[in-house]
Amino acid sequence: MSNISLLPQVRGFLQREHSSFIDGRQQPADNPHYLEVIDPASDQVISRVAEACVHTVDDAVASSRRGFAQWSQAAPAVRASVLLKLADLIEQHREELAQLETCQSGKLINISRNFEVDQAAHFLRYYAGWATKLSGQTLTPSLPSFNGERYTAFTLREPVGVVVGIVPWNFSTMIALWKLGSALVTGCSIIIKPSEFTPLTILRIAELAIDAGLPAGALNVVTGGGMAGKALIEHPGTDKVSFTGSVPTGLAVGQSAMAANLTRTTLELGGKNAAGFLRDVALSKAVDGIIEAGFLHSGQICAAAERFYVHRSQIEAVTGALSERLAKLKIGSPLDETSEFGPVSNKQHQARLGALFAKARSENSQIIHGGRLLEGPGCYVEPTVILANSVNDSLLNEETFGPVATFLPYDDEEQLIALMNDSPYGLSASLWTNDLSKALRLVPQVQAGTVWVNMHTLLDPAVPFGGVKASGIGREFGGAFIEDYTELKSVMIRY
Ligand code: NAD
């Protein structure tokens, strides 16, 4: 098989020179610096995007303040219908958006279609449903009454204001839409700062949002790297930061936001997620589970598992069968619909994985399968299986964010839970067993924001998601996101 043909509108979009989207359109670049968007399957520059300077950030914030003044007054049903219309338009442009996403990130085209577009539209519709369901409470104060006066009280949920949504490169379309959906449905305006590696799809979605009826300024997109992100966070005109990315950047973002104006911040960070397989799981089910948990989108998913714990009596069989399965994967171009395993998303990431493989070798971790970068062009890395010597091996502690599963045997369930919890992070974890009673007893002992049983990685808009320990602050999805995007105002009345 060969690559699918790019749609004419995708070729046209790639050929345009892009810049920040402010007040309903891309503004002429006021900075001679351009980011090059590079296709990780070919190493070719496919597009150029102007890097926002301080003036661009000022313009974006001023526009978002105007956008907030207008959008926050829109009736809830209007907010819902605009988001629903946007979800429809995203689906109507499914192939265009999926191709753009694959060109900028190297994601297999079917993952772009099914997750970055279809699932993202599904999330957007879920958020749209909340517009008409936001509510406060009626309360009965207990203040004493001396002259017959009485009291009543109620709470209002009010939008927090101008949100800065900072997005990583791994699911650049879907994560931007999570933030956009949360902000717009609660009546906030939002400035999305996409990753410097993957700015294209959200620029196209911003155009579709205007077509869907969103007022100019309710959604702006500022293109650039960390400096643009920092300038937005520290800007006195922004009210909240919703950040998704790595732990070190998240720490810097949290500190900047606090120091700037005590700006409210939610942090969705990475980690080193664990999957524990109990002894009753059949070999083939364990291998399927490890592939789901660790290798979807080459492991470049924040919730993916990287630490795998298997009973000592089974670890050789499991790692052997897994290696056989991985050896059969068809590695190839992400635009070829028959490819099963594509490149990682950028050269820096590929080089970082190479350095981690070298570290594993230097520590005598046992590389059972893979462990090499593939010759160019493109950012290809072998899917990799590693057996650690002890809890101290680097690959059991450092996030790879790649297709790398590191194993350690355990002897009993108490030790399994201790090993799973032996991490400063706690975004997600999974337990695999046929014994539901045992699973339900173990779940409360696992330190993670999400614990899956017999599944891993799959997120649903109705189920809150976020980290414990150093994996973050706050929750996305479910009703939980409302806490982070609204302020609770209390009203007391004497009568
Ligand atoms: P990153 O932290 O390098 O960058 C994330 C974003 O922050 C980018 O847009 C970047 O330009 C911006 N940024 C960088 N420095 C900044 C600064 N000082 N101030 C403001 N913004 C700044 O992360 P990445 O490499 O793009 O993504 C991979 C990481 O993201 C992994 O660690 C992964 O686990 C994590 N992640 C977490 C989740 C989650 O929901 N918990 C989801 C996806 C990815």
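Note that the coordinates shown come from a computational prediction; the quantities given were computed from them, not determined experimentally. As the structure lists them, so they are numbered: ligands from 1, and atoms in each ligand from 1.
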Participant: Scan the side chains in residues 47-54 for donor-acceptor partners under 3.5 Å anywhere in the protein, sequence neighbours excluded, and list what turns up.
Facilitator:
residue, atom, partner, partner atom, Å
Ser47, OG, Leu14, O, 3.1
Arg48, NE, Glu17, OE2, 3.1
Arg48, NH2, Glu17, OE2, 3.0

Participant: What residues, two or more places apart in sequence or in another chain, satisfy salt bridge (Lys or Arg N to Asp or Glu O under 4.0 Å) together with Asp59?
Facilitator: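 Expected list: none.
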Participant: Around ligand 1, what residues show up once you keep those with a heavy atom under 4.0 Å from it?
Facilitator: Ile166, Val167, Pro168, Trp169, Asn170, Ile175, Lys193, Pro194, Ser195, Glu196, Gly225, Gly226, Gly229, Lys230, Ile233, Phe243, Thr244, Gly245, Ser246, Thr249, Val253, Glu268, Leu269, Gly270, Cys302, Glu399, Phe401, Leu427, Phe465
Participant: Is the shortest distance from a Lys or Arg side-chain nitrogen in Arg264 or Glu483 to a carboxylate oxygen in the other one below 4.0 Å?
Facilitator: no
Participant: Using the test salt bridge (Lys or Arg N to Asp or Glu O under 4.0 Å), find all partners of Glu268 that sit at least two apart in sequence or belong to another chain.
Facilitator: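 With sequence neighbours excluded, Glu268 shows a salt bridge (Lys or Arg N to Asp or Glu O under 4.0 Å) to no residue whatsoever.
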Participant: When you check the gap from the basic side-chain N to the acidic O, do Asp43 and Lys347 get nearer than 4.0 Å?
Facilitator: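 Result for this pair is yes, salt bridge flagged.
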Participant: Using the ring of each side chain (for Trp, its six-membered ring), is Trp169 parallel, tilted or perpendicular to His349, with breaks at 30° and 60°?
Facilitator: tilted
